[in-house]
Enquirer: 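Sharing a structure with you now.
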Number of protein chains: 4
Amino acid sequence: MSDAASQHADEPTHWVLTLSCPDRPGIVRAVAGVLADHGGNITESQQFGDPLSGLFFMRVQVSAYAPREVLAGAMSTVARTFAMTWSLDVVGRPVRTLVMGSTAAHCLNDLAFRQRSEKLPVDLVAVVSNHTSLAPLAEFYDIPFHHVPVTSATKAQAEARLLELVEELDVELVVLARYMQILSDDLCRRLAGRVINIHHSFLPSFKGARPYAQAHDRGVKLIGATAHYVTGDLDEGPIIEQDVERVDHTRSVDDLVALGQDVERRALARAVRWHAEHRVLLDGHRTIVFR
Amino acid sequence: MSDAASQHADEPTHWVLTLSCPDRPGIVRAVAGVLADHGGNITESQQFGDPLSGLFFMRVQVSAYAPREVLAGAMSTVARTFAMTWSLDVVGRPVRTLVMGSTAAHCLNDLAFRQRSEKLPVDLVAVVSNHTSLAPLAEFYDIPFHHVPVTSATKAQAEARLLELVEELDVELVVLARYMQILSDDLCRRLAGRVINIHHSFLPSFKGARPYAQAHDRGVKLIGATAHYVTGDLDEGPIIEQDVERVDHTRSVDDLVALGQDVERRALARAVRWHAEHRVLLDGHRTIVFR
Amino acid sequence: MSDAASQHADEPTHWVLTLSCPDRPGIVRAVAGVLADHGGNITESQQFGDPLSGLFFMRVQVSAYAPREVLAGAMSTVARTFAMTWSLDVVGRPVRTLVMGSTAAHCLNDLAFRQRSEKLPVDLVAVVSNHTSLAPLAEFYDIPFHHVPVTSATKAQAEARLLELVEELDVELVVLARYMQILSDDLCRRLAGRVINIHHSFLPSFKGARPYAQAHDRGVKLIGATAHYVTGDLDEGPIIEQDVERVDHTRSVDDLVALGQDVERRALARAVRWHAEHRVLLDGHRTIVFR
Amino acid sequence: MSDAASQHADEPTHWVLTLSCPDRPGIVRAVAGVLADHGGNITESQQFGDPLSGLFFMRVQVSAYAPREVLAGAMSTVARTFAMTWSLDVVGRPVRTLVMGSTAAHCLNDLAFRQRSEKLPVDLVAVVSNHTSLAPLAEFYDIPFHHVPVTSATKAQAEARLLELVEELDVELVVLARYMQILSDDLCRRLAGRVINIHHSFLPSFKGARPYAQAHDRGVKLIGATAHYVTGDLDEGPIIEQDVERVDHTRSVDDLVALGQDVERRALARAVRWHAEHRVLLDGHRTIVFR
């Protein structure tokens, strides 16, 4: 992570701190104390205690002059006391992101455009695809394109290549942008909490293959999409965002597919933004989203 | 059905004609011909040919002086030629409706209020419930209340009583407004196409019992409701309308239940309105909704 | 305000604390410190610093055994230091609410129903109307009805009667539920921040009279409603909530009025809920809504 | 317009016929008669009579073997009888479209992407801009780019160049995709009904300049966008489509601008699609949209 911000001691850095820990009194005081001790000014914060899981969640944006090592050091002490999982980052720092796709371009096009024009805080460091049709789009947006073909025989090899890229490129987030392959359990575990998938249905409706055909056959009046973290349990990972679009009887399966692209890219873009802004925290198999 | 309208020969009646039949050239000409031959002026119409089922659907609102028997007679001839299923009604005529409920009042309250204040074209001729808690609300809206208790031993008897009421009161539409009992296959068949249920989930997600608890556990970001015709195949009947509401991690199961009431009554009210306005036509296990 | 909660020392009370003050470092630490010193456990909190107004806003839900006077006393000290505007209440305590209406019943019906069935935390202590048609509905929900006719000659007298009721009944919130009279500047000032109005348009579109007729003439594709605090500046008070509904060319002005009722009551119910849950804080002529 | 379709006499062509005329009995019969006489099979149709304007509107999709000249000839006769404004086109034929932009790329990017991937039935024949920053995007999508600078001194000249391009390129539709210049009255008249603009507010709210800054200052809870036909009366042209997006107090003006881009491109894309599919008919200063 870039520490560039801490060099300019004459202007405060805008930090985002997230944490979760077993709930008990005194957490907010302890954290607010650390921040205030370092001259921090809280500009935005949200806290939530989940009565079911017994966990407490917090996200703070704080403006402070203290350099990272000082802030992080002080937080470490508090974190140990409360058994916290925590992270500290600079607000708006682009998250190093690798996009995996197949042939459908809408999600990649949307993320790349929003990165450039709508301040989506990601740095698209690679596009990986088992086809080549996304190469020109990646090139237009100056994103290195990696063609990694996948067959049942070469699947392990392809996943090894992906992990290599993740390591080499210091990738923090992998986005499955309508990548039509199922990741192995092992890969899911190794990248746990760092892979976002967009599923082309309103989960848990229409799991599995060809959801729009299923939706058309069932005669639904709304179609949807679901952005979720990927786990070994297919289509069952923690949901980050869902959205829907109204349809009617005049729509064919092909129309649903086309209309669905819009819902998919919208839900995915929000999920990626919230993840990159450290607004999504894991609470067991569900998510806390501090929007 | 009231023919009152046909008495005032000095003002045209506003008719609504719906039909479906195997698709083939000439249907619209034939129907428009019948209407024009009787001085009819079409004010609103929609047509749709379903390439999958091979059926053609039509809904026409037409202003005409001809009395019902004349119009209907002329239509009969055309209907035979094209093997049509059809209906002719006066626009806005209230549909005789029986509401079945249990203890939750929101759907009944909503339908009764909209009937009175928002021109929902239904005539609420009875409330039937296996509990008594809806009686005061029914009384406030001057709807006769029938307490029909149901136990596993008396289920057949209770259904017989319902059928009796349907017959006696000339009921055209039965609305299951969060009636928590499952109707028998036999009853479903006898009232086919005349019973609308509101299911408290975004079908086909969370079929069966306690959908909000299921939704909460899955961590969904939208909850929904589905209004559908009842068939013997539980929760699988043709969908008329669906709607959703955004939720987040702060919501408990109880909150979802309370929030869900709003989605349920909204989806149900639209489905009932469209049915009563003859905007819903059956196309196999799906619906055509001419909104 | 009821202090009943503080009697049961064996179970913690769930408090909601809101505050706003000039932004500067240390606010959250100071508040969290007070709460922790009294054994408080924060279950939900949100903070926001507005860079434009320079104000800081906070809402905390905290579970604590300390009685009100102790908590409030400790907060007073902090509040003086930071020049805070603040309030402390028991979570879920019903806010004493007076509803003003005219002839349209949909908003009153909706609020009364939600109060009873959806845990809307208000206590409806009076319905005041310049007509009598809402009396039966008020009676059904056991709300005392006050007929206060208004003519241009008796307007001052009618407002005096309203203020009397507000005082006598210890009213905390006045809801203008499609009350068609304009309040005097003086009354607006005296009840500042305590009167919520529902305007039947998506403000600032279609201010003034007959907004649905204006909307129809302009051919808009969405109609809306706006719930806002009432100020002397007609239709310009701080907006709390807005919502819209899709319409099309087939809709007459009357249809828009009927459809609009649904949007109005939805937006109003949310605004009233958020106000009653102390989620709405004033930031000049705008609102902070901690949903 | 291409008549390619009529060459393949062995497969029927799918036609779309639209018309409007003074309302009177017999219109549908006459049109359906012409279509049936030529073996036409209606697959989808909508009709509407506007009681205010006294006009009747119709859109028909019909499958027929008859070549254009035969169908059009027969329609001409009917059209004269009923004083119709009408058009006949092949379903899905791409409409020759010129996009005007300034520096913001989101609308152009969206239209170009949808044209390629979502079957948006337009042929983007030119991008015209008073800046050069859209040139690479146009090039990526193989759309000829024309740089036409505009100053107050050269405005007439720039408009003349635009008209030249419209003529040369046989342009049917001009889309102002956040083109920040106001067209002259004369140009508006010459291209009446053929220019669609996207206005970055929920009209009639926030007309004129910097609508997001106005919206932010007013503290609205929803921001919107409006796609409308351009007339000489700025921001007052017939509305085709509107959409909104929820915002809250944490959003700065810059955030609203970024969020607004999403609403703008969505509303514009729908308006362009409906126009290109001949679903939008003019009814005075309002539109009929047969979706």
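Letters A, B, ... are given to chains in the order of the sequence lines, protein chains preceding strands, and every chain is numbered from 1.
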Enquirer: Go through the side-chain N and O atoms of D:His14 and D:Thr43 and say whether any donor and acceptor fall under 3.5 Å apart.
Expert: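 D:Thr43 and D:His14 do have a side-chain donor-acceptor pair below 3.5 Å.
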Enquirer: Do D:Asp248 and D:Thr250 have side-chain atoms, one donor and one acceptor, less than 3.5 Å apart?
Expert: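 Yes, a side-chain donor-acceptor pair sits under 3.5 Å.
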Enquirer: Does anything in residues 256-287 of chain D pair up under ring-ring contact (aromatic ring centres under 6.0 Å, His included), and if so which pairs, sequence neighbours excluded?
Expert: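 As it turns out, the ring-ring contact (aromatic ring centres under 6.0 Å, His included) pairs with a partner in residues 256-287 of chain D, which skip direct neighbours, are D:Tyr229-D:His275.
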Enquirer: Residue by residue, which of residues 202-217 of chain D have a heavy atom closer than 4.5 Å to a heavy atom belonging to chain C?
Expert: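 Checking residues 202-217 of chain D against chain C gives D:Phe202, D:Leu203, D:Pro204, D:Ser205, D:Phe206, D:His216, D:Asp217.
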Enquirer: Of the backbone (N, CA, C, O) and the side chain (C-beta and beyond), which part of D:Asp50 lies under 4.5 Å from a heavy atom of chain C, both, or neither?
Expert: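 The answer is neither part of D:Asp50.
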Enquirer: To the nearest 0.5 Å, what is the distance between SG on C:Cys107 and CD on C:Gln261?
Expert: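 Those atoms lie 8.0 Å apart.
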Enquirer: What part of C:Leu52 lies closer than 4.5 angstrom to a heavy atom of chain D: side chain, backbone, both or neither?
Expert: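 It is the side chain, since no backbone atom gets that close.
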Enquirer: Can you tell if the side chain of C:Met75 reaches within under 4.5 Å of the side chain of C:Trp86, non-hydrogen atoms only?
Expert: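 Side-chain contact under 4.5 Å: yes.
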Enquirer: Check C:Asn197, C:Leu176, C:Leu108, C:Val175 against C:Met100 for a side chain to side chain contact (heavy atoms under 4.5 Å, CB included) and give me the one that passes.
Expert: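 Only one option passes, and that is C:Leu176.
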Enquirer: If you tally heavy-atom pairs under 4.5 Å against chain D, which of C:Ile239, C:Ile240, C:Asp243, C:Val244 wins?
Expert: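 Most pairs with chain D among the choices: C:Ile239.
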Enquirer: Without hydrogens or angle criteria, can the side chains of C:Asp186 and C:Ser184 be said to hold a donor-acceptor pair below 3.5 Å?
Expert: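 No donor-acceptor contact under 3.5 Å links the two side chains.
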Enquirer: What I want to check is whether the side chains of D:Thr226 and C:Lys221 have a donor and an acceptor closer together than 3.5 Å.
Expert: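 No, C:Lys221 and D:Thr226 have no side-chain donor paired with an acceptor closer than 3.5 Å.
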Enquirer: For C:Asp283, is it the side chain, the backbone, both, or neither that has a heavy atom closer than 4.5 Å to a heavy atom of chain D?
Expert: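 Neither part; nothing is under 4.5 Å.
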